[in-house]
Amino acid sequence: AMEEGAALAPSGPLCEAVPADGEGSFAGMTDDPAGTAASNNPALSTLVAAVVEAGLVDTLNSDGPFTIFAPANPAFDALGEETVAAVLADQDLLTSILTLHVVAGEQLSSTDLAELDSVATVNGEDITFEVADDGSLMVNGQATVGCADVSTANATVHILDAVLMPAG
C-alpha cells in the first residue's frame, strides 16, 4: 500500500498536454512553487493569466502546503470567450472562482480525495468529491480530474477538465 503523504505519479488523459521536459514538465514543476510552476506550463496558460489578473501569484508561491485544482486551457475555452473576458474583468468574481480551486494547509493526493466527501476551500465554500464508475474523480459535480497528482514545491496539483463555479 502507498504510505500516506507519498507522492503519486501524475496520471490521466490531460497529462498529455503537459510538456515532456523543461521547466513546465512534471519533473521541472517539482522544484518550483505552484504559481511559478503553472506559469511554465503551456497547458495552464489561461489559468495563469487569471491568477495574475487576480493578484494571487504570491499567494500560490507562498509556503503552503496547498492542494490546487487547475483547470486546463480547454476548461476555460468551454466557458466561451465572452464569459472568460467578463470574469477576468470582475476582480471579486475572479477571486471567488479561483479560490474555490485552492485548499490550504494540506497536499491531498487523488487517493486522499477519493476517500473524502468534501473539503473546505480558500473561497470558504466546500467542494465535493465523487468517484465515477470509470474510476475518474468528479469534483463538485462540475469537473473531472484529468491529470491527478502533479507535484510542485508547495502543492499537489490536480488538472481539471472544467472550471468550478461558486454556488454564490
Pick out which of Val102, Leu100, Val103 makes a side chain to side chain contact (heavy atoms under 4.5 Å, CB included) with Val122. Val102
Qualifying residues under ring pair (Phe, Tyr, Trp, His ring centres under 6.0 Å), relative to His158, sequence neighbours excluded: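 Testing His158 for ring pair (Phe, Tyr, Trp, His ring centres under 6.0 Å), a comparison that skips the adjacent residues, returns Phe69.
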Can you tell me if [X] uses its side chain to pair, donor with acceptor, with the backbone of [Y] under 3.5 Å?
| X | Y | result |
| --- | --- | --- |
| Thr83 | Leu79 | yes |
| Asn41 | Ser25 | no |
| Asn61 | Asp58 | no |
| Asn154 | Ala34 | yes |
| Asn140 | Leu164 | no |
| Thr156 | Ser109 | no |

Taking [Y] as the starting point, is it possible to reach [X] by hopping between hydrophobic residues whose side chains are less than 4.5 Å apart?
| X | Y | value |
| --- | --- | --- |
| Val18 | Val48 | yes |
| Leu108 | Met138 | no |
| Val87 | Leu60 | yes |
| Leu8 | Leu116 | no |

Please give me the minimum heavy-atom distance between [X] and [Y], naming the atom from each residue.
| X | Y | result |
| --- | --- | --- |
| Asp149 | Ser110 | OD2-OG, 2.5 Å |
| Ile68 | Phe66 | CG1-CB, 3.9 Å |
| Cys147 | Pro10 | SG-CB, 4.3 Å |
| Pro71 | Val163 | CB-CG2, 3.9 Å |
| Ala114 | Val131 | CB-CG2, 3.7 Å |
| Thr99 | Thr121 | O-CB, 3.6 Å |

Nearest-0.5 Å distance that lies between atom [atom1] in [X] and atom [atom2] in [Y]:
| X | Y | atom1 | atom2 | result |
| --- | --- | --- | --- | --- |
| Met29 | Thr152 | CE | OG1 | 6.5 Å |
| Thr36 | Glu23 | OG1 | CD | 9.5 Å |
| Asn123 | Ser96 | CG | OG | 4.5 Å |
| Ile127 | Asp117 | CD1 | CG | 13.0 Å |
| Asn73 | Thr46 | CG | OG1 | 3.5 Å |

Between [Y] and [X], is there a side-chain heavy-atom distance shorter than 4.5 Å?
| X | Y | result |
| --- | --- | --- |
| Thr128 | Val139 | no |
| Leu137 | Leu113 | yes |
| Leu47 | Leu98 | yes |
| Pro42 | Pro19 | yes |
| Met165 | Ile97 | yes |
| Val145 | Leu14 | no |
| Asn40 | Asp32 | yes |
| Leu160 | Thr144 | no |

Can Asp126 and Val119 be said to form a side-chain contact (heavy atoms from CB on, under 4.5 Å), step by step? CA-CA 5 Å; Asp126 288 0; Val119 66; over 6 Å; no
According to the side-chain hydrogen bond (donor to acceptor under 3.5 Å, both in side chains) rule, which pairs have a member within residues 84-95, sequence neighbours left out?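 Applying side-chain hydrogen bond (donor to acceptor under 3.5 Å, both in side chains) to every pair that reaches into residues 84-95, excluding sequence neighbours, yields nothing.
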Taking everything shown except Asp133 itself, do over 12 heavy atoms lie less than 6.0 Å from its CG? no
Starting from the C-alpha separation in whole Å, work towards a yes-or-no answer on side-chain contact (heavy atoms from CB on, under 4.5 Å) for Phe26 and Ser151. CA-CA 7 Å; Phe26 293 128; Ser151 293; over 6 Å; no
